[in-house]
Amino acid sequence: MQRSTRSRVSRLALLAGSTVLLSGCSAQQWETKLRFGWPTGVTHQADRMRTLWTWSSVAALVVGVIVWGLIFWVCARYRKKDDVLPKQTKYHLPIEVAYTIAPFFIIAGLFYYTAVTENYVDKLSPNPDVTVQVDAFKWNWQFEYTNQKYQGTDPAAGTPVSTVGTSTEIPILVLPINKSVRIVEVSRDVIHSFWVPEFLFKRDVIPQKKPNQFEFTATKIGHYVGRCAELCGTYHSQMNFEVRVLSDSDYQKYLDALTSIGSSDPARQSKALLAIGQDRCATTTHPFNTDRNHKTASTTPLCPVSTTS
Ligand SMILES: [Cu+2]
């Protein structure tokens, strides 16, 4: 490398290094910012998938830069100057062996890290902090919080507290932040699919003896829309729900409120949410008008309980 080229390269490296330092970002922050189009997820699992994506993209970029560099170098170095052909290198065994083996190592690396990430996302812990049975049915959702039971004189005493969506009320799945949550998926009719776009995850709810299960840990308080992602019949497109990630104490207060309101009150979800100072209706989606003769789409939430009750 010539001296002027060498000093230009070191100046560029210095500039890149100072940009990182002066922007006040640590290497880890840069790593989390480098998304290459990957959406922002709100669970540990989503972040691990993003890490895989980021480093796969970096690896692809490195390969790309080498290939582009070689192409441009060859174009510049061996551009036609006269009729003499440059040195021909076909049947150069070491080079051919190298570019046959190199892709194998790249694919093996991608396969290994994909399998490791997939195993992490699919991992079931022996004792998750929270377990919720999600019952999908045509065309709504029921959430049973198996860690807490109805008590005393409640007609459902001894069974898990639960909420269920209706055609006028979006079902809301309330979960605590930074706790491992296991979802147990149950369907008694057809195949549905539990999908929360911000979790970057969906899993089919299949009518079968051994229910599908998965776990995640939400890392950001917020309201997230959930959808059925498997065509399950006439009102499939209206089978929405909301996931509400709250602080651990608010989550516990919500379960306590559900328990004290009791299983026989059909409006227990909105009443319990009101009791803990939360929006009583879903904010990320709304019930759809199921009257097929209606002229305009319904856009206002239709929760059955007024704020004064
Ligand atoms: Cu569906």
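Because the structure is a prediction, the values reported are computed rather than measured. Worth knowing before you read on, the calculation uses all heavy atoms, side chains too, and leaves out hydrogens, waters and symmetry mates. In listed order, ligands and their atoms are each counted from 1.
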Quiz item: Does the side chain of Val134 come within less than 4.5 Å of Phe143's, by heavy atoms?
Solution: yes
Practice problem: Applying side-chain hydrogen bond (donor to acceptor under 3.5 Å, both in side chains), run through Ser125 and Glu215 and close with a yes or a no. | Solution: CA-CA 8 Å; Ser125 56; Glu215 284 182 25; 2.7 Å; yes
Self-check item: N, O or S atoms of the protein lying under 2.8 Å from the Cu ion (ligand 1)
Solution: Cys228 SG, Glu230 O, Cys232 SG, His236 ND1
Quiz item: How would you list, by chain and number, every residue that makes a ring pair (Phe, Tyr, Trp, His ring centres under 6.0 Å) with Tyr78, sequence neighbours excluded?
Solution: Trp73
Quiz prompt | Geometric class of the Tyr235/Trp139 ring pair [parallel <30°, tilted 30-60°, perpendicular >60°] | solution = perpendicular
Quiz item: If you group Ile, Leu, Val, Met, Phe, Trp and Tyr whenever their side-chain heavy atoms sit less than 4.5 Å apart, what else falls in with Phe137?
Solution: Val164
Quiz item: What's in the same ILVMFWY side-chain cluster as Tyr113, cut-off under 4.5 Å, chained through other members?
Solution: Leu52, Tyr112, Val116
